[in-house]
Number of protein chains: 2
Amino acid sequence: MATNRKATSRSKDNLKRGAARLRSGAPEAGPETAVDTVAPGRADRRAERRAAILTAALDEFSTRGFAAARLDDVAHRAGVAKGTIYLHFDDKEALFQELVRSFLIPQVAMMEQAPVGELSSRELIERFLERFLTEIYTTRRREVLRLILTEGHRFPALAEFYYREVVARGIAAIRMVLARAVARGELSGDALVRFPQLLVAPLLMSIVWSGLFDRFAPLDIPALLRAHLDLVFGERKTT
Amino acid sequence: MATNRKATSRSKDNLKRGAARLRSGAPEAGPETAVDTVAPGRADRRAERRAAILTAALDEFSTRGFAAARLDDVAHRAGVAKGTIYLHFDDKEALFQELVRSFLIPQVAMMEQAPVGELSSRELIERFLERFLTEIYTTRRREVLRLILTEGHRFPALAEFYYREVVARGIAAIRMVLARAVARGELSGDALVRFPQLLVAPLLMSIVWSGLFDRFAPLDIPALLRAHLDLVFGERKTT
DNA sequence: ATACTATGACTGACCAGTCAGTCATATTAT
DNA sequence: ATAATATGACTGACTGGTCAGTCATAGTAT
């Protein structure tokens, strides 16, 4: 019940604010301009709180699951009152969907920038797997993906969004790389071209395993992915 | 509190009952002997209801998830009153764990009977994948496995049980088959021996995919598994 | 002064778990 | 065989607690 009115750490991004102030034509000698550590403006605070709520929601949804997570806890963790959540999101479900979308959309954008280059197909796929490690597996995005796996069934709109925006595009992109590999003779057999899902399955397995068994049977995921690469392209040529 | 009566199913009593009836020398035209459908005894009904509750629970937990499933609905679906559930299970969580265990234990037993034979390694693995199709993917066990994937995180005891009884044993068994394949020169590279998870990952993917995307993007799982076999052992030799 | 924003006590629906009572079945007595 | 008695499986109305969502009040920026 502790009345926590702890202020959120005042932070850095008042650049926009400065610009706005310039345009607003406030008197030069205004009392606020005298202070160089400007208090953050309303829009900034709003964005900060929104982000804090989303992060807190990720924590709670990840550990308890959607249905069992309490918005009181999300609010407390985010350092706001429960009502504040409703100033940013329509209801619990909207919070959840926004959470997933907001963490996913930058991901989609990143995937777009194809790193085609003139690398061998094996290198391309290797990059892709490394990308998974650094951009997903070792980040909070892993938890978001796990949320999709565990809760997606009950949120068909979300599942479809995820399929259209990530899965379908991803599979298409991978298929092109694999088709190129076959055309160049770097890959024998069209199994992977027909089912690019086979290339991605171990990534899924990593996420599932980490959620269920890591405590008592940790798995060396980088090594597993290297082995997968070997399986697909044949043993790595040792230097 | 909650003195729950031990729910040991002693369902063989009815066999003795039938035998006793034969020996009792009742008149041939006796009313009971005329009916070939013998009225079930108490123990039978008890077992029937327990099974009905478990099946109903699988339905409800699968569609709503553990936290959101209502025991009222489970009871209604099973054709019993809510209180009856508590005559068979301590609480909601015990019902869930019993559900998973009861569907899994026959599965474990089945896995034990190793079909070693003198088949090629490829055939052995092929059998294994077919087994997955007929014994899991096309049965309700698929839903049980999905429940472990989606809810296991919140039931550490269950996750560990599943790991010890199914995953660890399964991986060990598969590893032996794969090691044999390498030793016989039927498989090149030890990637799969080091990470048998790679062989199983597509099975996981099948279950996840069917839960999330089947409505709008169905996947031909038998074909996917055949492609996986090709990927592992090389293109199938066409007749 | 005024508009915008945050708060947290409150409400009402919901649901896991309980328990006193009912009734079909099993056991014992006549 | 029949009646009397015992058993325990089953029922469902009820309780106590929980929690999503609301809103009157308080606070803050401009």
Side-chain angles (χ1 to χ4, degrees), chain A residues 1-8 14 17 20-21 24-27 30-33 35 38-50 52-53 57 60-61 64 66-76 78-96, chain B residues 1-10 13-14 16-17 20-21 24 26-27 30-32 38-50 52-53 57 60 64 66-76 78-96:
Chain A
M1 323 317 281
T3 54
N4 79 317
R5 64 174 49 267
K6 191 68 239 99
T8 50
N14 23 18
R17 224 187 65 79
R21 189 179 301 286
S24 72
E32 293 140 351
T33 48
V35 187
V38 244
R42 279 224 271 255
D44 305 275
R45 293 203 73 102
R46 193 180 159 80
E48 271 171 30
R49 297 209 137 160
R50 200 186 137 94
I53 291 168
E60 293 295 325
F61 286 148
R64 332 277 281 222
F66 174 79
R70 283 166 296 195
L71 289 191
D72 270 317
D73 290 346
V74 173
H76 188 257
V80 302
K82 182 151 62 129
T84 306
I85 294 174
Y86 288 88
L87 300 175
H88 291 267
F89 306 96
D90 280 350
D91 55 18
K92 193 185 182 184
E93 189 169 328
L95 170 61
F96 179 69
Chain B
M1 32 239 11
T3 47
N4 95 304
R5 335 207 62 76
K6 207 64 224 308
T8 45
S9 63
R10 46 216 159 83
D13 290 0
N14 55 329
K16 207 178 331 184
R17 236 174 60 78
R21 191 182 302 284
S24 72
E32 291 146 351
V38 204
R42 277 225 271 251
D44 305 273
R45 297 205 71 107
R46 194 183 156 80
E48 269 171 31
R49 299 217 133 149
R50 200 188 134 93
I53 291 167
E60 292 294 327
R64 329 279 279 227
F66 174 80
R70 282 167 297 195
L71 290 190
D72 270 317
D73 291 345
V74 173
H76 188 257
V80 302
K82 180 149 66 129
T84 306
I85 294 174
Y86 288 89
L87 300 175
H88 292 265
F89 306 96
D90 279 351
D91 55 17
K92 193 184 184 186
E93 189 170 329
L95 170 60
F96 179 68

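Quick note: numbers below take in every heavy atom, side chains included, and nothing from hydrogens, waters or symmetry partners. Every chain is numbered from 1, with letters handed out A, B, ... down the list of sequences.
Distance NE2 (A/H76) to P (D/dC19): 15 Å, rounded to an integer number of Å. Here the P atom of nucleotide D/dC19 and the CD atom of A/E93 are 19 Å apart, to the nearest Å. A/Y86 places its OH atom 24 Å from the P atom of C/dC4, with the value rounded to the nearest Å. Rounded to an integer number of Å, the gap from CG of B/D73 to C1' of C/dC14 is 12 Å. Between B/F89 atom CZ and C/dT18 atom P there is a gap of 15 Å when expressed in whole angstrom units. Here the P atom of nucleotide C/dT18 and the CG atom of B/D91 are 9 Å apart, to the nearest Å. Atom CG in A/D72 sits about 15 Å away from atom C1' in C/dA6, given to the nearest Å. If you measure from atom CG of A/L71 to atom P of C/dT7, you get 15 Å, rounded to the nearest angstrom.
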Per-pair distances, 0.1 Å, donor-acceptor, side chain in residues 66-75 of chain A, under 3.5 Å, sequence neighbours excluded:
unit_1	atom_1	unit_2	atom_2	d
A/R70	NE	A/D73	OD2	3.0
A/R70	NH2	A/D73	OD2	3.0

Side-chain donor-acceptor contacts of residues 80-91 of chain A below 3.5 Å, not counting sequence neighbours, with atom names and distances?
unit_1	atom_1	unit_2	atom_2	d
A/T84	OG1	A/A81	O	3.3
A/D91	OD1	A/E93	N	3.4
A/D91	OD1	A/A94	N	2.9

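Within 4.0 Å of B/A69, counting heavy atoms only, lie sugar-phosphate atoms of the nucleic acid but no base atom.
Taking the nucleotide of DNA chain D with the nearest heavy atom to each of A/D90 and A/R70, the more 5' of the two is matched to A/R70. Closest-nucleotide positions on DNA chain D for B/R42 and A/K92 were compared, and the one nearer the 5' end corresponds to B/R42.
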Quick one: which protein N/O atoms are closer than 3.5 Å to N/O atoms of nucleotides 10-14 of chain D? Pair and distance per line, please.
unit_1	atom_1	unit_2	atom_2	d
D/dC10	OP1	B/R49	NH1	3.3
D/dC10	OP2	B/H88	NE2	3.2
D/dC10	O5'	B/R49	NH1	3.4
D/dC10	O3'	B/R49	NH1	3.4
D/dT11	OP2	B/A81	N	2.7
D/dT11	OP2	B/T84	OG1	2.5

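Checked against salt bridge (charged side-chain N to carboxylate O under 4.0 Å, His left out), B/R49 has no partners two or more places apart in sequence or in another chain.
For the helix from C/dA1-D/dT30 to C/dT30-D/dA1, the axis fitted to the five pairs at one end and the axis fitted to the five pairs at the other end meet at an angle of 10° (nearest 10 degrees).
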